[in-house]
Amino acid sequence: MPTPKDASLLPAPKVILRLAVPSPLRRLFDYLAPVDLDVEQIAALTPGMRVRVPFGSRALVAVLVSLETHTEVPPARLRPALEVLDNQALLPQSLTNLYLWAAQYYQHPPGDVFHSMLPALLRQGRPAERPGKKVWQLSEAGQELTEQDLRRAPRQREIVEFLKEHEALDKSAVSEMGISASALIALQANGFIVMEERAASSPRAFDAQHSNAQALALNSEQTHAVEQIGKGLGSFQCHLLDGVTGSGKTEVYLQIIARVLEQSRQALVLVPEISLTPQTIARFRQRFACQIAVLHSGLTDSERLNAWLEARDGVAKIIIGTRSALFTPMAQPGVIIIDEEHDSSFKQQEGFRYSARDLAIVRARQEKVSIVLGSATPSLESLHNALSGRYTHLTLKERAGDAASPTLKLLDTTHEQLNEGFSAPLLEQMSSHLQRGNQVLVFINRRGFAPTLQCADCGWVAECTRCDARMTLHKKQPHLRCHHCDTRRPVDYACPNCKSKNLQALGLGTERSEAFLQSQFPDTRVLRVDRDTTRRKNELDALLNEVHQGKPCILIGTQMLAKGHHFPCVTLVAVLDADAGLFSADFRGQEHTAQLLMQVAGRSGRAGLAGEVLIQTRHATHETLRTLVSEDYGHFARALLVERRNAYMPPFSYLTLFRAEAIDMRAPETFLGIVRERAAGILAAQGNQDVALLGPLPAPMERRNGKFRAQLLLQCPQRRTLQNLLSALCPEIESMKESRSVRWSLDVDPQDMI
Ligand code: ADP
Ligand code: ZN
Ligand code: ZN
């Protein structure tokens with residue numbers, strides 16, 4: 001056969017580009033290659049590249065998922081793409097696969113999955129190039145500084161010491177670690193440090209050297225954990241690191257990461273939203289001299305792109321971030337670590353409703369790396385997997401170092417007169433701890449206990465006009481606010497029902513408790529930590545600084561206090577009410593409440609001072625609560641697992657929740673009724689009897705933000721069976737005309753039923 005002289009003169013073979021296009025439809029879209037591509041350019045097309053395509057009247061940035069030779073789209077409707085935006089794949093194949101897997105499993109539009117996972121600038125079609133970055137370095141004069149020289153300037157000395165160990169300090173590290181800008185300026189003015197522009201391509205920007213000098217000598221449980229995890233590095237293994245608060249889980253992570261770095265691989269660390277604090281980051285930065293990419297919500301678009309590309313190109317050796325950092329590509333993945341794996345912030349609750357923990361396990365399997373799930377209070381799912389041998393179960397039962405574990409006690413308030421929620425014995429205990437010069441933490445489990453306005457004469461309660469919910473009374477700039485839809489209105493002057501002026505605040509709230517405690521303990525500082533007092537970043541820092549000075553004080557707050565922070569001088573933790581969560585309608589209510597209680601308990605007594613935890617309850621005989629207090633979380637969780645097995649709930653079954661809402665009262669239930677019928681039809685056709693269809697029912701909060709809400713629950717003992725149903729059902733729903741009369745969503749493995 002004669003060979004043509006110039007291959008580019010041949011007609012290009014017809015290729016079909018299968019693309020994830022950002023659209024609300026649950027499918028991929030086929031296009032022809034751009035008309036101006038030659039044979040070589042077509043041959044270079046690789047999944048993971050971005051392609052600009054016409055979509056309706058717009059041009060959108062899509063991601064190439066696969067190249068096909070055949071399409072179902074009729075030739076007349078097949079359009080050519082406009083241009084290819086990358087000359088190599090933006091994503092490794094493993095991540096493209098992960099995104100597709102997630103779109104399928106969560107039944108979410110694939111284009112939207114790709115789009116929500118890419119940094120904004122890449123979504124907009126900008127080039128995938130790393131800008132250079134500015135770093136601080138020691139000058140020659142700076143190298144020669146001794147400790148004596150900066151005796152009077154401790155902040156400058158810290159920086160110099162850091163630079164001697166770490167070679168360079170990048171701009172993002174400065175803000176994350178809370179390094180003083182004025183100290184930097186002073187050092188620069190004196191010629192001790194210089195700012196250098198570092199080109200992005202510089203290969204040895206920071207090699208993975210680390211100063212293991214700081215590594216602590218591990219105790220035997222930690223050693224065992226590091227050995228076990230270390231043995232399996234380089235293959236897919238899942239470990240549950242089940243260690244009480246303060247048992248040194250973080251130290252285990254750090255030593256595992258050190259091993260991963262030695263193998264020239266990267267580590268991905270996911271932390272809950274609330275714990276991505278300067279202290280956490282500083283701990284990693286101080287230990288390791290390598291490049292660390294921190295992904296948090298405060299990044300600018302170009303910082304985020306930079307961090308993402310540094311991870312993808314293997315320049316950043318450690319990637320730390322919250323939920324969505326899971327989707328960061330890595331050149332040389334070595335390990336995935338999920339700290340506080342039980343935390344609900346790993347589940348995205350809107351839009352693309354995924355569990356970063358569950359997807360992390362899928363990713364680890366695909367990339368053949370080990371994954372470590374760490375928690376003092378493991379989720380029942382993970383605990384079940386560990387107990388059944390699917391994960392290795394590594395336990396740390398003792399606190400590390402010399403800190404003792406706190407003791408928990410129930411304070412039965414059935415026959416107690418409560419004063420603003422406080423019983424007399426609790427106030428006495430608080431007073432005695434304060435007198436000994438210690439600090440006290442008061443924890444308010446806010447669920448259902450926010451203060452509201454009530455008429456003392458007729459019982460009228462201020463309710464939101466748009467939700468089935470009570471308004472919350474805010475005292476500062478007095479107003480009523482709905483915490484579900486953010487509606488605000490002035491405080492009523494008289495009861496709208498009986499005209500009485502006898503209106504009272506009802507229920508507990510941090511503001512009221514703060515005022516009450518200040519009156520009870522007039523000589524003690526009362527510090528309130530909640531969303532209202534910490535709106536600005538330095539407000540929280542200032543509060544925490546004051547606590548860390550160690551003077552006696554009362555800290556009062558909500559969930560924000562429960563996680564991430566260490567309060568070494570707190571010796572008493574008072575939980576005002578454990579009952580609201582324990583008896584909530586949600587099937588995870590007990591699990592979440594116990595996790596929260598244990599987390600708060602763990603804040604106390606960290607530095608050799610023994611901690612005590614008092615829990616007020618009207619259900620002191622409640623069996624699971626007693627197990628939690630007299631035994632530990634492990635026993636409690638095992639008892640709860642038995643209940644879940646009997647009730648046929650996760651992890652012993654799998655759930656999917658359809659939600660629908662509409663202004664019209666009947667539309668959601670009507671729509672879900674049809675969904676149910678269709679589902680039943682598919683199940684009959686598939687010969688499937690394992691899926692139970694429950695509902696439609698009104699949602700626990702039936703009206704929210706002016707809309708009526710309903711839900712339909714699907715329950716099944718096998719994941720696969722449920723998936724088969726959903727894959728057939730979702731396309732049917734999308735094409736139903738009733739689906740346009742409501743807003744509907746589905747939640748695979750829902751965290752709550754609200
Ligand atoms: P966790 O992550 O389990 O809450 P951390 O790793 O934060 O625990 O450890 C709690 C405290 O104990 C920290 O101050 C840490 O420096 C210290 N610590 C951890 N491991 C050891 C060890 N092997 N020897 C001495 N102190 C340790
Ligand atoms: Zn009234
Ligand atoms: Zn409302």
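Note that ligands are numbered from 1 as they come in the structure, with each ligand's atoms numbered from 1 the same way. All of these numbers come straight from a predicted model, not from anything done at the bench.
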The angle formed at the Zn ion (ligand 3) by SG of C464 and SG of C482 is about (to 10 degrees) 110°

Angle subtended at the Zn ion (ligand 2) by C498 SG and C495 SG, to the nearest 10 degrees, is 110°

Geometric N/O contact T245 with ligand 1, under 3.5 angstrom | no

Ligand 1 atoms nearer than 4.0 angstrom to some heavy atom of N219 are 23 (N)

Candidates E221, E251, R283; heavy atom nearest atom 15 (C) of ligand 1 found on R283

Ring geometry between H479 and H474 (parallel below 30°, tilted from 30 to 60°, perpendicular above 60°): parallel

Should the pair E341-R357 be classified as a salt bridge under the 4.0 Å nitrogen-to-oxygen rule?
yes

Among A217, G248, G243, the residue with a heavy atom nearest to atom 23 (N) of ligand 1 is A217

**Asked** Taking everything shown except Q751 itself, do over 12 heavy atoms lie less than 6.0 Å from its CD?
**Response** yes

Open item on the list: Under a 3.5 Å threshold, yes or no: a donor from one side chain and an acceptor from the other, between Q237 and Y391?
Closed with: no

| Can we say D343 and R323 salt-bridge, meaning some charged N sits less than 4.0 Å from an Asp/Glu carboxylate O? | no

Check your understanding: Under 4.0 Å between a Lys/Arg side-chain N and an Asp/Glu carboxylate O for K249 and E340?
Key -> no

Under 4.0 Å from one or more heavy atoms of L218, ligand 1 contributes atoms 23 (N)

